[in-house]
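FYI, side chains are in, hydrogens and waters are out, and symmetry mates aren't considered; it's all heavy atoms of this structure.
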Amino acid sequence: MANSGVQLLGFTLAFIGFIGLIASTAMAEWKASSYAGDNIVTAQAIYEGLWMSCVSQSTGQIQCKVYDSLLQLPKEVQVTRALMITAILLSFISMLVAMLGMKCTTCLEGDPQQKQKVAMAGGILYIISGLCALVATSWYGNRIAADFYNPFTPTNSRYEFGKALFVGWGAAALSILGGSFLCCNCMGSGSGQARRYPKTSGTPGTDYV
């Protein structure tokens, strides 16, 4: 059977990644207005997320507005939304599947090999979930960097990476790492079981004529 300690570690890391995916998707600071170069006006800061944009005044007042139309949003926002939601759904399904296959649970206790396969399936889904989030956050960040270094972008319209991007990158890494622990642990345990051979019923030292 798989090592329950390694399984529990992988599940814990992936679960933290699941929480991070939700937090990153809901955060409004995917990109923040930049004050690099000649832009020295700091009376307000503009933040944009996947669902809304916010303006923070120097007095501490924050005003947020939900996007009016989905079809009018930039393509990177629409694709990032879809990938992050897909990552959250896959991560939730992975959590349920992995719980069924973990050694510390009683589900499928009568079939150890099937239980390991279920745990491995949960780990694979966790990895796919992390990859979806990694692609979404990396692509969104790449668009921010491309616009920032574009000489035709007005200085007042440049943005930098927001906190949600870093949370998303960390959550994606934890999901992939946790899923890898579940998969590697199951594969290593399965190969150890395959080398077990049944004992022969013959009595050693007996000669037959």
*Asks:* Can you check side-chain contact (heavy atoms from CB on, under 4.5 Å) on Ser180 and Ile127, steps first, answer last?
*Replies:* CA-CA 7 Å; Ser180 300; Ile127 294 176; 3.9 Å; yes
*Asks:* Would you mind listing every salt bridge (Lys or Arg N to Asp or Glu O under 4.0 Å) that reaches into residues 81-100, with sequence neighbours excluded?
*Replies:* none
*Asks:* Would you mind listing every salt bridge (Lys or Arg N to Asp or Glu O under 4.0 Å) that reaches into residues 15-35, with sequence neighbours excluded?
*Replies:* Lys31-Glu48
*Asks:* Ignoring hydrogens and geometry, is there a side-chain-to-backbone donor-acceptor pair from Ser24 to Gly20 under 3.5 Å?
*Replies:* no
*Asks:* Under the side chain to side chain contact (heavy atoms under 4.5 Å, CB included) rule, collect the residues that match up with Met95, sequence neighbours excluded.
*Replies:* Phe11, Phe15, Phe18, Phe92, Met99, Tyr126
*Asks:* So, taking the atom named CE in Met27 and the one named SG in Cys54, what distance separates them when rounded to the nearest 0.5 Å?
*Replies:* 11.0 Å
*Asks:* For Leu177, check side chain to side chain contact (heavy atoms under 4.5 Å, CB included) against everything at least two apart and list the hits.
*Replies:* Leu13, Phe181
*Asks:* According to the salt bridge (Lys or Arg N to Asp or Glu O under 4.0 Å) rule, which pairs have a member within residues 123-141, sequence neighbours left out?
*Replies:* none
*Asks:* Could you pull out all residues at least two apart from Ala171 that satisfy side chain to side chain contact (heavy atoms under 4.5 Å, CB included)?
*Replies:* Leu21
*Asks:* Please name the pair of heavy atoms, one in Val55 and one in Ile46, separated by the smallest distance, quoted to 0.1 Å.
*Replies:* CG2-CG1, 4.4 Å
*Asks:* Salt bridge (charged side-chain N to carboxylate O under 4.0 Å, His left out) with Lys75: which residues, sequence neighbours excluded?
*Replies:* none
*Asks:* Closest heavy-atom contact between Cys132 and Leu90?
*Replies:* SG-CD1, 4.4 Å
*Asks:* Given a cutoff of under 4.5 Å between side-chain heavy atoms of I, L, V, M, F, W and Y, with clusters grown through shared members, what are the other residues clustered with Trp139?
*Replies:* Val79, Leu83, Val135
*Asks:* Can a donor-acceptor pair be found, under 3.5 Å and without considering hydrogens, that links the side chain of Ser129 to the backbone of Leu125?
*Replies:* no
*Asks:* Quick check for you: to the nearest 0.5 Å, what is the distance between Gln78 atom CD and Leu50 atom CG?
*Replies:* 11.5 Å
*Asks:* Is the shortest side-chain heavy-atom distance between Tyr140 and Val77 below 4.5 Å?
*Replies:* yes
*Asks:* Which heavy-atom pair separates Met52 from Val66 by the least distance, and what is that distance?
*Replies:* CB-CA, 3.9 Å
*Asks:* Salt bridge (Lys or Arg N to Asp or Glu O under 4.0 Å): which pairs involve residues 171-181, sequence neighbours left out?
*Replies:* none
*Asks:* Nearest 0.5 Å, what's the CD-OG distance between Gln61 and Ser56?
*Replies:* 9.0 Å
*Asks:* Within this structure, what is the CG-OG1 distance for the pair Asn142 and Thr137, rounded to the nearest 0.5 Å?
*Replies:* 11.5 Å
*Asks:* Taking the six-membered ring for Trp, are Tyr67 and Trp51 closer than 6.0 Å centroid to centroid?
*Replies:* no
*Asks:* Would you say the side chain of Lys65 lies within less than 4.5 Å of the side chain of Asp68, judging by non-hydrogen atoms?
*Replies:* yes
*Asks:* So, taking the atom named CD in Gln113 and the one named NZ in Lys115, what distance separates them when rounded to the nearest 0.5 Å?
*Replies:* 13.5 Å
*Asks:* Can you name the nearest heavy-atom pair linking Ile22 to Ile88, along with the distance?
*Replies:* CA-CD1, 3.9 Å
*Asks:* Is it the case that one hydrophobic cluster holds both Val167 and Met84, taking links as side-chain heavy atoms less than 4.5 Å apart, direct or via other members?
*Replies:* no
*Asks:* Quick one: does Thr80's side chain get under 4.5 Å of Thr25's, heavy atoms only?
*Replies:* no
*Asks:* If every non-hydrogen atom of Phe166 is compared with every non-hydrogen atom of Gly162, which pair is closest and at what distance?
*Replies:* CD1-O, 3.2 Å
*Asks:* Please list, chain by chain and in numerical order, all residues satisfying ring-ring contact (aromatic ring centres under 6.0 Å, His included) with Phe161, sequence neighbours excluded.
*Replies:* Trp169
*Asks:* Mind checking side chain to side chain contact (heavy atoms under 4.5 Å, CB included) for Leu89 and listing every partner two or more places apart, or none if nothing turns up?
*Replies:* Ile85
*Asks:* With rounding to the nearest 0.5 angstrom, report the CG to CE distance, Leu182 to Met120.
*Replies:* 10.5 Å
*Asks:* Nearest heavy-atom pair of Ile124 and Cys183: which atoms, and what distance?
*Replies:* N-SG, 3.5 Å
*Asks:* Considering residues at least two apart in sequence or located in another chain, which fulfil the side-chain hydrogen bond (donor to acceptor under 3.5 Å, both in side chains) criterion with Ser91?
*Replies:* none
